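Since we're looking at a predicted model, the values are computed, not measured. By convention here, the first residue in the shown sequence is residue 1.
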Amino acid sequence: MSLLQLVFILLTVLALSAGQILFKMASSSFEFSIAGLAASLLNIKLIVALVVYFFATIMWLLVLKVTPLRVAYPFVALAFFIVPILAHFLLNENISWNTFVGAIFIALGVWVSVYPGLPLLIKKFARLWFF
């Protein structure tokens, strides 16, 4: 994977994460009644969130054009860490140590999923410690 591919993947994940924050902000004034639905759909935060998601989708399509899905998709899991961090700073939501422990597992999972040299690394590690 090239640096440019990685940059586009990470930009996509960041855009999706930002979109989630905007959706949360829009939800506070969203009304699920017939009268309030039309006005709610014109909420600027909702419109911006949809535009952000639109551009994130375009970036994702560009990524998938040149990157195998099995390599690109695990990076989406990083949003499970990015969104709570953004929610903490932008929405004043509580964050706990579980988020950081989970982030370590997610990062390790992404690394295991996409690192092509992992089988060789495991063999070297096994030889060092077990043989």
Item to check | Closest non-hydrogen atom pair, Asn43 against Ser29 | outcome: ND2-OG, 2.6 Å
Checklist entry - Once you round to the nearest 0.5 Å, how far does OG of Ser27 lie from CG of Leu22? => result 11.0 Å
Checklist outcome for this item: Closest heavy-atom pair, Ile47 versus Leu42, reported as atoms and distance to 0.1 Å, is CD1-O, 3.7 Å
Next on the checklist: Once ring pair (Phe, Tyr, Trp, His ring centres under 6.0 Å) is applied, do any residues pair with Tyr53, and if so which ones, sequence neighbours excluded?
Outcome noted: Phe23
Item to check | Heavy-atom side-chain proximity of Thr57 to Phe54 below 4.5 angstrom | outcome: no
Checklist entry - Looking only at heavy atoms, what is the nearest atom pair of Ala15 and Ala56, with distance? => result CB-CB, 3.8 Å
Item to check | Close side-chain approach of Trp60 and Leu16, heavy atoms under 4.5 Å | outcome: no
Next on the checklist: Would you compute the distance between atom CG of Leu11 and atom CG of Leu62 and round it to the nearest 0.5 angstrom?
Outcome noted: 11.5 Å
Item to check | Any donor-acceptor pair under 3.5 Å from Gln5 side chain to Val63 backbone | outcome: no
Checklist entry - Is Phe105 linked to Val112 within one hydrophobic cluster, defined over Ile, Leu, Val, Met, Phe, Trp and Tyr using a side-chain heavy-atom separation of less than 4.5 Å? => result no
Next on the checklist: Nearest 0.5 angstrom please: Leu78 CG to Phe80 CZ, how far?
Outcome noted: 10.5 Å
Checklist entry - Taking atom CG of Asn98 as the centre, does the number of heavy atoms from other residues, nucleotides or ligands within less than 6.0 Å exceed 12? => result yes
Next on the checklist: Let me check something: do Val101 and Val83 share a hydrophobic cluster, defined by ILVMFWY side-chain heavy atoms less than 4.5 Å apart, either directly or through other members?
Outcome noted: no
Checklist entry - So Val114 and Phe75, side chain to side chain contact (heavy atoms under 4.5 Å, CB included) or not? Walk me through it. => result CA-CA 9 Å; Val114 301; Phe75 285 94; 3.9 Å; yes
Checklist entry - Take atom CZ in Phe30; do more than 12 heavy atoms of anything else shown fall under 6.0 Å from it? => result yes
Checklist entry - Is there a chain of hydrophobic side chains (I, L, V, M, F, W, Y, each step under 4.5 Å between heavy atoms) that links Ile82 to Leu10? => result yes
Next on the checklist: I need the minimum non-hydrogen distance between Leu86 and Ser17, along with the two atoms involved.
Outcome noted: CD1-CB, 3.9 Å
Item to check | Same cluster (ILVMFWY, side-chain, under 4.5 Å), Ile21 and Phe81 | outcome: no
Next on the checklist: Applying a strict under-4.5 Å side-chain criterion to I, L, V, M, F, W and Y, I'd like to know whether Leu90 and Ile85 cluster together.
Outcome noted: no
Checklist entry - Checking Thr99 side chain against Ile95 main chain: does a donor-acceptor pair fall under 3.5 Å? => result no
Next on the checklist: If we ignore hydrogens and angles and just use 3.5 Å, is the side chain of His88 paired with the main-chain N or O of Glu93 as donor and acceptor?
Outcome noted: yes
Checklist entry - Can you name the closest pair of heavy atoms from Ala72 and Thr67 and give their distance? => result CB-CG2, 3.9 Å
Item to check | Spacing of CG belonging to Leu69 relative to CG belonging to Leu64, to within rounding of 0.5 Å | outcome: 5.5 Å
